[in-house]
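Below is one structure, written out as C-alpha cells; comments come after it.
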Amino acid sequence: MFDFAELKTSYKSKGCGQITADDIGKSVKLAGWIESIRDHGGVKFIDLVDITGEIQVIFRADDGATEEITEWSTVQIEGEVRRRPEGTENPKIKTGNVEVIAKSLKVLSKSELPPFLPTERKEVSEEIRLKYRYIDLRREKMRRNIIGRHLVSKSIREKMWEEGFVEIETPYLTKSTPEGARDFLVPSRLQLGKFYALPQSPQLFKQILQISGFERYFQIVRCFRDEDLRADRQPEFTQVDIEMSFVTEEDIISLTERVLKHAFKKVLDIEVSIPFPRIKYSESIRRYGTDKPDTRIPIEVKDISEIFSNSKLDFIRKNLERRGKVLGFSIRDIEIPKSKLVNLESLAKSMGAGGLMWFVIKQNKIISSPVIKHIDDKENLEISKLCDGNGIVFAISDREERARDVSAKLIKYIAKEMNLYRSDTKFAFVWVVEFPLFSWDETENRYVSEHHPFTSPKEEDLEILETNPEKVRARAYDIVLNGEEIGGGSIRIHNSELQNKIFRILKLSDWEVQERFGWFLEALKYGAPPHGGIALGLDRLVAIMFGEDNIREVIPFPKTQSGSCLLTNAPSDVYKKQLDELGIKIKEE
RNA sequence: GGGGCUGUAGUUCAGUUGGUUAGAACGCCGGUCUGUCAAGCCGGAGGUCGCGGGUUCAAGUCCCGUCAGCCCCGCCA
C-alpha cells in the first residue's frame, strides 16, 4: 500500500521489509523489533519487524549471539542475506523467499512482556488498547489506518496545490463564538478573567482570507467542539477546510468532486464516477427521512397514513387527528425472526418512537403482526401491496418528524444488520442541496441558522427573508458518503447589509452583533468578493474509506466517550500555582 | 442529564438454582528440540471476580450505590 523510501540510517542499511532477492549474498545491518522467536534448540528463527515489514533472521547455536533476547525488544542485527532453502519459503510475507543469517546481535532496548501482543489474534478491549496505544499502533490494522490517513491527506494536498490553492494556517487561540457548538475556553494569563476559545472551525478566518484576496485557500486543520462524544465525534477533529472567491455552488461542488475522486484513485485505486448525484433537502427528508441518506440502501420511507384513515387502532386514530402521520417502509422477500422484530420494536422505542408495528407478509396476506387483530381485510391488502405481497412492512405512527427520524434510523440499522446494500456501489456519494436557511428553535424561541449565520440565502428567496424565514432556502450543500455526512459548506454572504439582516432575524441584539462580529462586518465593507467553501471531515472520510465504523480507529490518540485520554490521563488536576496565575478558583460543590 | 450493554488470570472468554479448592484457550516461566513461521512435545506458575456497602449460614452469582469502557437519546454539522 505504501512504498517507503529506503530507510537507511546509522543503525540500518535498509528496512526489514525492503530486503529482496537482489540482496542475496550481501551483508546487511538491520534494526527493529523482535516480533517472534521460534527456538528449535540448535537454531532460532526470529521475525524482525520495522515499519517497512518483516524479515526472518536465523541464529545458529554456534553463532555466539549469546545476549538474552525477549520479544518486542529493539535490536540491531548484522548478517548476510541468503535465499531460503527450498521448501521453507513463506508466501505469506513479502520477504518470504529470503532470510538473514545473523552474524551479530545487539540489544538496543530490552522489552518487558507487553500487556498484549500486537500480533494478538483476538481483538483486545478498546480500553486496554487506548491505555497502551503505542502497542496498539504496532498492530497491522492500525498501521494501515494511520498510513492510509497520511495517504488521504497527501493526495488531497497534492490535488489542492495542483488546483492553485494556497495552504494557510489560522489561529488556534481565537475568539469565542457562542452560536453553534460549545467552545473550549483557554484562560488568558496576560489579561486575567478573559478567555480565548479554540476554533470550532476557521470559518471567519477563511472568509477574511477571501476579503484579503487570496482567492483560493485551504488547510487541513484541527477543530474543537466541547460537546458529547459519539462513534463519529471527537472533541478535536480534523477538517479539510476550503474557501474560494468569485464562485457559485457549482465551482465548489465540482472542485470537491475532483478532490475526492483523486483521493479515492490514489489511495484505494478506486474510480468514483463524478459528478455525484444530488438530492434536494426536502426530497431527501421525504424519501429517506433524513438529510444524510445512504443511497446504497434500496429502502424508502412512505407516508401510509391513508391506509390507516379508518383504523380501529386507537393510538393511530388519535395520532392522525393530531395531524400526525403513519410512516412505513417495506423490505421485500425477507424473513426476520419474531424475536428480532420484537428487538427492533424496543430499539424504535429507545429512539423516541411510541412503538413500532411490523407486518410479516406472505402470499399477499399479513400472517403475523402485533396488531393483526385490528387490521381489516382492506387494510390487510393495502399493507401487503407495500412489499409486493411477500416480505415485511414496518410502520410508525407518531409526529411526522419523529416518525421519519426513527424510520430512517431503523432502515440504517436493519440494512447494516442484514446487509441489504445494493451490490453495485461500495462508496455511494450524494450531494444534499437547498437546505433551509433557518430552523425554529423551540427552547430559545427564535430562528437559528441551520448551517451557520454567514450562509447566503438563495437570491430568489430574498423577498420572503423577513416575512417567511422558514421557507428561505440556503445556498448550502452537504456531501454524504454511505449515509454519513462527510462535509458541508455554502456560498457566504458578501455584503454587510444582508449579513446584518440575518443577524436581526436570528434575534441577535445590535450590541451583541457588534461585540462578537463587529470586526467581521467591518471587513465585509471593504470589497468582499463573492465567496464560498466547504469543510470535509477527514476523520470520517478516512474511516469510511478503510471500512471502520468508528473514527477512533483512524485517530492515533483519540479520547474516550468521557473525553479522557487513557494514555496520558488527561484531563487532570493542575497545580494551585497555575490556577492562581490565571486568576481561576475551582468552585467547591 | 437520561437509556442500554460490559467489567472474572497478562489477553480473550466460560462460570449452572447462591453451595467444596473459580476454569479454558492463548500468552508467560522451566525443560526439550537444527527449518520453523499461529512451531512441536513435557512440566509449571499465575485471581483484590472493577470498587464500596447490603441481604444470607454461605455471594463471582441476588440487591443498592459508585467508577471505568462502549452504543444510543438529548447535545453537536
Side-chain angles (χ1 to χ4, degrees), chain A residues 35-48 54-63 70-72 84-93 95-96 99 112-132 135 179-183 200-201 203 223-235 237 239 291-292 343 346-353 402 405-406 409 412-413 432 435 439 443 448-452 455 476-480 484-490 534-537 540 549-550 552 559-564 566 569:
Chain A
E35 187 181 72
S36 115
I37 304 168
R38 293 177 296 280
D39 187 348
H40 285 234
V43 61
K44 276 184 200 163
F45 302 94
I46 287 175
D47 293 336
L48 188 69
E54 63 180 298
I55 180 80
Q56 174 165 279
V57 181
I58 313 289
F59 287 88
R60 294 194 186 280
D62 50 5
D63 276 344
T70 60
E71 288 183 0
W72 295 101
R84 288 202 189 186
E86 201 170 331
T88 65
E89 299 90 350
N90 182 359
K92 287 185 205 158
I93 61 172
T95 59
E99 60 191 10
E112 289 179 20
L113 179 66
F116 63 96
L117 299 175
T119 50
E120 202 89 41
R121 289 192 295 281
K122 288 193 171 174
E123 190 76 359
V124 175
S125 79
E126 195 175 4
E127 201 172 346
I128 288 165
R129 289 175 54 206
L130 290 177
K131 182 170 177 193
Y132 302 96
I135 304 290
E179 200 78 358
R182 194 177 292 115
D183 284 321
Q200 297 177 22
S201 82
Q203 184 58 36
C223 302
F224 306 87
R225 290 177 189 164
D226 188 5
E227 297 293 346
D228 286 4
L229 288 81
R230 289 285 188 282
D232 62 349
R233 272 159 42 190
Q234 284 274 306
F237 60 99
Q239 282 190 347
D291 61 0
K292 37 182 186 178
N343 285 346
S346 48
L347 190 69
K349 282 181 181 164
S350 79
M351 289 168 175
R402 176 170 293 162
D405 186 48
V406 175
K409 283 175 179 158
K412 193 170 171 179
Y413 178 85
V432 181
F435 278 79
S439 60
T443 55
V448 294
S449 294
E450 187 74 15
H451 189 65
H452 56 55
T455 302
Y477 32 81
D478 273 2
I479 174 83
V480 173
E484 306 284 337
E485 185 205 320
I486 59 158
S490 63
I534 193 166
L536 301 174
R540 288 182 188 177
D549 43 21
N550 190 312
R552 291 188 299 274
K559 308 276 188 290
T560 67
Q561 193 152 52
S562 61
S564 297
L566 295 181
N569 279 320

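To find a chain, count down the sequence lines: A is the first, B the second, and so on, and within it residues start at 1.
- A:Arg402 pairs by the side-chain contact (heavy atoms from CB on, under 4.5 Å) definition with A:Asp398, A:Arg399, A:Val406, not counting sequence neighbours.
- Annotation: ring pair (Phe, Tyr, Trp, His ring centres under 6.0 Å) contacts of A:Tyr477 (sequence neighbours excluded): none.
- The base of B:G27 has none of its N or O atoms less than 3.5 Å from a complementary donor or acceptor on the side chain of A:Glu71.
- Evaluation of the side chain to side chain donor-acceptor pair (under 3.5 Å) rule for A:Glu127 yields no partner, not counting sequence neighbours.
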What does the B/S/- profile of nucleotides 7-14 of chain B look like, 5' to 3', with a 4.0 Å heavy-atom cutoff to protein? ---SSS--

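- Take A:Asp232 and apply the side chain to side chain donor-acceptor pair (under 3.5 Å) test, not counting sequence neighbours, and it matches no residue.
- A:Ile93 is linked by a side-chain contact (heavy atoms from CB on, under 4.5 Å) to A:Glu54, A:Arg84, A:Asn90, A:Thr95, counting only residues two or more places apart in sequence or in another chain.
- Following rounding to the nearest Å, A:Arg233 (CZ) and B:C71 (P) show an atom-to-atom distance of 11 Å.
- Partners of A:Arg552 under the side chain to side chain donor-acceptor pair (under 3.5 Å) rule, at least two apart in sequence or in another chain, are A:Glu126.
- Between A:Phe45 atom CZ and B:C33 atom P the separation is 15 Å, expressed in whole Å.
- At a cut-off of 3.5 angstrom, counting only N and O atoms as typed in the model, there is no donor on one side facing an acceptor on the other between the side-chain of A:Arg225 and the base of B:C75.
- Remark: A:Arg38 pairs with A:Ser36, A:Asp47, A:Gln56 by the side chain to side chain donor-acceptor pair (under 3.5 Å) rule, at least two apart or across chains.
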Please produce a list of atom pairs where a protein N or O lies less than 3.5 Å from an N or O of nucleotides 39-41 of chain B.
unit_1, atom_1, unit_2, atom_2, d
B:A39, N6, A:Asp39, O, 2.9

